[in-house]
Amino acid sequence: MSDNAIDVDPGTVYLVGSGPGDPDLLTVKATRLLEAADVVLHDKLPGPEIIDMLPEDRREDVGKRAGGERTPQSEINERLVELAREGNAVVRLKGGDSFVFGRGGEEAEYLAAHDVPFEVVPAVTSAIAAPAVAGIPVTHRDHASSVSFVTGHEDPTKEESAVDWDALAATGGTIVVLMGVGRLPDYTEALLEAGMAPETPVALVERGTWPGQQVATGTLETIVDARDEAGISPPAITVIGDVAGTRESIVDFLQTDYGTVEDEA
Ligand code: SAH
């Protein structure tokens, strides 16, 4: 038995977060479960290095269907139940932490409703780790006493928008936006309209801890241009607030093993 051995229960689903992408940032438990599972269901977000570690005969990519469109969540839920009922120990592997914008909650509810036992294995979320490896602490005694994690996927001008950008601007804390590359112009505008200072520092961290990590920095006013100049594309985290300025004062000593680190002021 290897040091990594762990007992898994047949017919059980393990909702496992894979962390931001560097295999060294997998939890010990995640690593052990990946070795012991009968089958691992994953999409692209765990990142190329972790996906390459998964044995090909025990993994299923449920990210995209043939034809390229996203697999509906209902299909993934059904597949989890089916595999568990066949007696498999199933790992559902999600990028970051499964319960942070990872649909882990929906999967847990579905499994419970279908009498399938499951375990939740928490992980390092990209919402904290991607800023961290770029030299940005999401809180700092001098700069931010609170942090909000929000989705940037929604149209901020939509009447029924689930994210209250005015309220976020008023907190004075750090705002970390996930899924927010495309709508960056919309929500930076919404925050400016809500009265946030145009010179508020903003950073974008693309593929944090993956090979080829990229960082772009600017302000609420300049970050859209910086995004375009650096060619930032998903997956990326947006960090808004004074903490984003910390990077500048520490970056020269920040030892990063991850790809190139580029800045646009
Ligand atoms: N459960 C994940 C988030 C899933 S939502 C977590 O806890 O990290 C998908 C979004 O996560 C992406 O649009 C991006 O904003 C962010 N993301 C995930 N991995 C990332 C990474 N390595 N670097 C930067 N952003 C990442």
Side-chain angles (χ1 to χ4, degrees), residues 14-27 29-30 40-53 62-64 70-71 73 76 91-108 120-138 147-156 162-163 174-188 202-217 223 226-227 230-240 244 247 256-262:
Y14 298 84
L15 300 172
V16 180
S18 64
D22 178 352
D24 284 350
L25 294 173
L26 280 162
T27 63
K29 188 159 191 175
V40 179
L41 265 65
H42 69 90
D43 47 44
K44 291 273 175 290
L45 206 57
E49 292 181 297
I50 289 174
I51 292 168
D52 283 351
M53 283 168 48
V62 292
K64 296 256 158 59
R70 211 194 188 113
T71 311
Q73 185 63 42
I76 298 172
V91 165
R92 171 63 174 129
L93 190 69
K94 306 295 303 241
D97 183 286
S98 314
F99 276 14
V100 180
F101 294 115
R103 299 209 170 198
E106 291 163 58
E107 289 171 357
V120 182
V121 182
V124 179
T125 178
S126 70
I128 296 173
V133 293
I136 302 168
V138 293
V147 53
S148 306
F149 301 110
V150 301
T151 169
H153 202 58
E154 294 202 2
D155 179 356
V163 181
T174 305
I175 305 168
V176 174
V177 187
L178 294 90
M179 299 170 280
V181 177
R183 290 206 179 272
L184 182 69
D186 303 314
Y187 61 82
T188 48
V202 183
L204 290 164
V205 185
E206 174 187 334
R207 287 176 289 168
T209 84
W210 298 22
Q213 168 179 304
Q214 251 206 308
V215 183
T217 58
I223 194 66
R227 174 197 68 178
I232 299 286
S233 51
I237 294 286
T238 313
V239 192
I240 302 166
R247 170 177 167 76
T256 176
D257 293 321
Y258 308 112
T260 53
V261 178
E262 282 172 28

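As the structure lists them, so they are numbered: ligands from 1, and atoms in each ligand from 1. No hydrogens, no waters, no symmetry mates; every other heavy atom, side chains included, goes into these values. It should be emphasised that the depicted structure is a prediction, and the values quoted were computed from it without experimental measurement.
- Evaluated by nearest non-hydrogen atom to atom 5 (S) of ligand 1, the leading choice among Tyr258, Phe149, Trp210, Phe101 is Phe101.
- For ligand 1, the atoms closer than 4.0 angstrom to any heavy atom of Arg207 are 22 (N), 23 (N), 24 (C).
- Protein heavy atom nearest atom 10 (C) of ligand 1, with residue, atom name and distance: Met179 CG, 3.8 Å.
- With hydrogens and angles ignored, the 3.5 Å screen pairs no side-chain donor or acceptor of Arg247 with any backbone N or O of Gly135.
- Of the possible polar contacts, none joining the Glu206 side chain to the Gln214 backbone as a donor-acceptor pair under 3.5 Å is found.
- Formation of a donor-acceptor pair under 3.5 Å by the Glu154 side chain with backbone atoms of Ala162 is found in this model.
- Here the protein heavy atom with the shortest distance to atom 26 (C) of ligand 1 is Ser126 OG, 3.4 Å.
- Checking side-chain atoms of Thr125 against main-chain N and O of Ile128 turns up no donor-acceptor pair under 3.5 Å.
- The two residues Ala216 and Ala230 have their closest heavy-atom pair at CB-CB, 4.0 Å.
- For Leu45, no nitrogen or oxygen atom sits less than 3.5 Å from a nitrogen or oxygen atom of ligand 1, counting backbone and side chain alike.
- Thr209 places a side-chain N or O within 3.5 Å of a backbone atom of Asp22 that can act as its donor or acceptor partner.
- Tyr187 contributes a side-chain N or O that, together with a main-chain N or O of Gly180, makes up a donor-acceptor pair within less than 3.5 Å.
- In this structure a side-chain-to-backbone donor-acceptor pair under 3.5 Å is present from Arg227 to Val181.
- Ligand 1 has Val205 within reach: a non-hydrogen atom of the residue lies less than 4.0 Å from it.
- In this structure, Ala236 counts as a contact residue of ligand 1, since one of its heavy atoms falls inside 4.0 Å of the ligand.
- Residue Lys94 places every heavy atom at 4.0 Å or more from ligand 1.
- Here the protein heavy atom with the shortest distance to atom 21 (C) of ligand 1 is Gly208 N, 3.5 Å.
- Against a heavy-atom cut-off of under 4.0 Å, Ile237 is close to the following atoms of ligand 1: 15 (O), 16 (C), 24 (C), 25 (N).
- Closest protein heavy atom to atom 7 (O) of ligand 1: Thr125 OG1, 2.7 Å.
- Between Val100 and ligand 1, a contact under 3.5 Å exists for at least one N or O pair.
- Look at Pro20 and you'll find a heavy atom under 4.0 Å from some atom of ligand 1.
- Taking distance alone, with nitrogen or oxygen atoms compared against 3.5 Å, Val177 stays at or beyond that limit from ligand 1.
- Nearest protein heavy-atom neighbour of atom 2 (C) of ligand 1: Gly95 O, 3.2 Å.
- Near Leu178, meaning under 4.0 Å from any of its heavy atoms, are these atoms of ligand 1: 3 (C), 11 (O), 15 (O).
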